[in-house]
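First up is the structure itself, then whatever we jot down about it.
All values derive from a computational prediction rather than experimental measurement.
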Amino acid sequence: MSLVAEAKQRLSIHDIGAKLFPEWRPAKSCRCPWRADRNPSFSVTADGRLWHDFTDGSGGDVVSFLARARGLSEPEAAKEFITLAGLRGGEGATPLAPLPVR
């Protein structure tokens, strides 16, 4: 099993979202955490494994969520994600700090 796959068993979008956006509540129909939505335009699966932004059509898994939220490339986000999951191999990643909703 790869480190990313193992990390995905440990952390979900709900976990990452709670660290980055403490006031945000992921749901099947919710507001986007990284922009100011007046109406829900975002969705997270109940298991927290997939997300979809209905405004721009983007979506993906927890690693792509982290990449989009932090403005990282997918490889950078994967490295940070591995570290956040407490696994070796993600050395050098920046610790998460809450981000303001734009």
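Side chains of Trp51 and Thr45: no donor on one and acceptor on the other come within 3.5 Å. Checked by atom type, the side-chain pair Ser73/Glu76 shows a donor-acceptor distance below 3.5 Å.
Listed for the Asp61 side chain is a donor-acceptor partner under 3.5 Å among the backbone atoms of Ser64. Proximity of a side-chain donor or acceptor of Ser43 to a complementary backbone N or O of Lys28 within less than 3.5 Å is detected. Between the Arg31 side chain and the Arg38 main chain, a donor and an acceptor come within less than 3.5 Å of each other.
Minimum heavy-atom separation, Ile82 to Ala7: CA-CB, 4.3 Å. Contact record, Cys30 with Arg25: CB-O, 3.5 Å, taken as the closest heavy-atom pair. When all heavy atoms of Gly48 and Ser12 are compared, the pair lying nearest together is O-CB, 3.4 Å.
Between Leu20 and Leu66 the shortest side-chain heavy-atom distance falls below 4.5 Å. Residues Val63 and Glu80 fail the side-chain proximity criterion, which asks for heavy atoms closer than 4.5 Å. The closest side-chain heavy-atom distance from Leu50 to Val44 is not below 4.5 Å.
By the salt bridge (Lys or Arg N to Asp or Glu O under 4.0 Å) test, Asp56 pairs with Arg68, sequence neighbours left out. Qualifying salt bridge (Lys or Arg N to Asp or Glu O under 4.0 Å) partners for Arg10, counting only residues two or more places apart in sequence or in other chains: Glu6.
Under the salt bridge (Lys or Arg N to Asp or Glu O under 4.0 Å) criterion, the residue pairs touching residues 40-55 are Arg35-Asp53, with sequence neighbours excluded.
Relative ring orientation between Phe65 and Trp34 is described as tilted, the plane-to-plane angle lying within the 30° to 60° band.
Taking CG from Leu84 and CD1 from Ile16, the interatomic distance works out to 5.0 Å, rounded to the nearest 0.5 Å.
Residues Leu87 and Leu72 fall into different hydrophobic clusters, defined by Ile, Leu, Val, Met, Phe, Trp and Tyr side chains chained together at heavy-atom separations under 4.5 Å.
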